[in-house]
Protein chains: 2
Amino acid sequence: MNLEEAKIKYIQTWGSLATSWGINKTMAQVHALLLVSTNPLSAEDIMETLKISRGNVNMNVRALIDWGIVKKEFVVGERKEFFVADKDIWELFKQITKERKKREIEPVLKVLEDLQQIKDNSDEANEFKKVLSDLSTVTTSVNSILENAIKADEHWLLSNFTRILKK
Amino acid sequence: MNLEEAKIKYIQTWGSLATSWGINKTMAQVHALLLVSTNPLSAEDIMETLKISRGNVNMNVRALIDWGIVKKEFVVGERKEFFVADKDIWELFKQITKERKKREIEPVLKVLEDLQQIKDNSDEANEFKKVLSDLSTVTTSVNSILENAIKADEHWLLSNFTRILKK
DNA sequence: TAAAATTTTCAATAATTTTTGAAAGTTTTA
DNA sequence: TAAAACTTTCAAAAATTATTGAAAATTTTA
């Protein structure tokens with residue numbers, strides 16, 4: 001396998017992992033392409049390499065910029081826009097975590113809390129509240145871990161984890 | 001909001017969270033329904049409550065059993081099968097983590113390792129290998145955390161995390 | 001053993017999500 | 001200012017994923 005093949009394999013692999021975690025395949029592939037590219041790429045470069053339409057490139061690049069993991073870059077003497085991905089994978093991990101936490105986990109925690117408030121003291125209601133409370137505990141716990149992974153310095157995840165392993 | 005409404009709200013909320021993490025909505029809803037139900041439910045109970053077809057119930061209940069988070073149960077004097085969800089949410093968390101780790105993360109780690117092996121010493125190849133290596137580090141790290149969450153006792157996640165927070 | 005009850009399968013259909021591509025919009029150049 | 005270069009939008013089409021429901025298979029009862 002040569003370098004080009006390896007890059008393609010990597011782009012495909014990342015795309016399929018993304019799909020099973022609810023991230024659009026093309027978005028992941030565009031990101032992967034920018035990540036392994038040594039120079040900034042234009043919309044056309046991406047279109048050609050991934051064989052996708054202009055509109056699709058535009059939509060997905062914007063989504064990546066919105067997630068804070070891709071930046072626009074200007075190349076001297078060139079009119080069009082170019083894009084680059086941050087090469088720091090920890091930064092990537094932090095950004096993705098941050099976005100998903102905010103968009104998906106926090107709203108669920110809010111609903112779980114609201115549901116706890118129902119005024120009903122039957123055994124059935126109390127059993128339900130117990131389930132909700134347990135769910136909140138796990139969800140909060142996951143949320144906290146993610147929060148710290150975001151807040152702390154680059155290698156929080158690895159360094160803290162290593163410490164736990166050694167205990 | 002009364003108890004019934006709260007249960008429905010919870011089932012819907014869980015279903016939509018599941019969707020954004022690549023889990024089938026109905027599968028999550030069936031699980032949520034079993035989780036808040038005080039007694040075992042038959043395929044028909046599920047069909048009626050969630051307004052879905054027999055085939056759909058069958059497919060999704062089997063998937064849940066396959067994931068190890070729902071069990072068949074027999075009710076005396078009844079011919080048909082009934083289903084229950086483990087009420088221990090930590091157990092649920094562990095099972096889901098275990099399955100996703102095995103099915104999705106481990107295969108990716110394998111590919112990343114394979115790709116590292118390309119025999120090419122150009123600057124470009126080395127840069128690519130660096131990206132792969134960083135990805136492997138983060139992925140391995142996430143994988144290890146999940147591994148420990150699975151192996152250790154019920155409240156590993158919470159107790160260890162609390163300790164880190166207090167440092 | 002055979003009829004009844006129940007579960008499973010899976011081709012067809014429906015719903016959802018993604019992608020296209022051409023038109024509209026914007027920015028830059030001359 | 002207007003033509004060229006480029007980007008964005010979005011309705012329609014394509015692709016993917018989920019669901020139905022009726023037929024086949026299996027299990028239970030009598």
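FYI, side chains are in, hydrogens and waters are out, and symmetry mates aren't considered; it's all heavy atoms of this structure.
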For the atom pair CG (Asp88(A)) and CG (Asp134(B)), what is the distance rounded to the nearest 0.5 Å?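 Going from the CG atom of Asp88(A) to the CG atom of Asp134(B) covers 7.5 Å.
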
Just how far is it from atom CG of Leu64(B) to atom CG of Leu34(B), taken to the nearest 0.5 Å?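 If we round to the nearest 0.5 Å, Leu64(B):CG and Leu34(B):CG are 7.5 Å apart.
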
Can you check the [X] [atom1] to [N] [atom2] distance for me, whole Å?
X        : N       : atom1 : atom2 : value
Met27(A) : dT19(C) : CE    : C1'   : 16 Å
Asn58(A) : dA24(C) : CG    : C1'   : 13 Å
Asn60(A) : dT17(C) : CG    : C1'   : 12 Å
Met59(A) : dG21(C) : CE    : P     : 14 Å
Asp45(B) : dT7(C)  : CG    : C1'   : 15 Å
Arg79(B) : dA3(C)  : CZ    : C1'   : 10 Å

For Asp120(A), does its backbone N or O pair with a side-chain atom of Lys129(A) as donor and acceptor, under 3.5 Å? yes

Of all heavy-atom pairs linking Met27(B) and Ala63(B), the shortest is SD-CB, 3.9 Å

Verify the neighbour count for atom NZ of Lys87(A): are there more than 12 heavy atoms of other residues, nucleotides or ligands below 6.0 Å? yes

Taking CG in Asp123(A) as the centre, count heavy atoms belonging to other residues, nucleotides or ligands within less than 6.0 Å. Is the count above 12?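 Atom CG in Asp123(A) is not crowded, with 12 or fewer foreign heavy atoms closer than 6.0 Å.
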
For DNA chain D, note the earliest and the latest nucleotide, 5' to 3', having some atom under 4.0 Å of a heavy atom belonging to chain A. dA4(D) to dT9(D)

Contact nearer the 5' end of DNA chain D, comparing Glu81(A) with Lys25(A): Glu81(A)

Ser42(B) and Asp45(B): side-chain donor and acceptor closer than 3.5 Å?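 Note: Ser42(B) and Asp45(B) side chains meet the donor-acceptor criterion.
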
By the ring-ring contact (aromatic ring centres under 6.0 Å, His included) test, which pairs, at least two apart or in different chains, include something from residues 18-66 of chain B? Trp21(A)-Trp21(B)

Pull out every residue in residues 48-57 of chain A that has a heavy atom closer than 4.0 Å to any atom of DNA chain C, ordered by number, or say none.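 Correct list: Lys51(A), Ile52(A), Ser53(A), Gly55(A), Asn56(A).
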
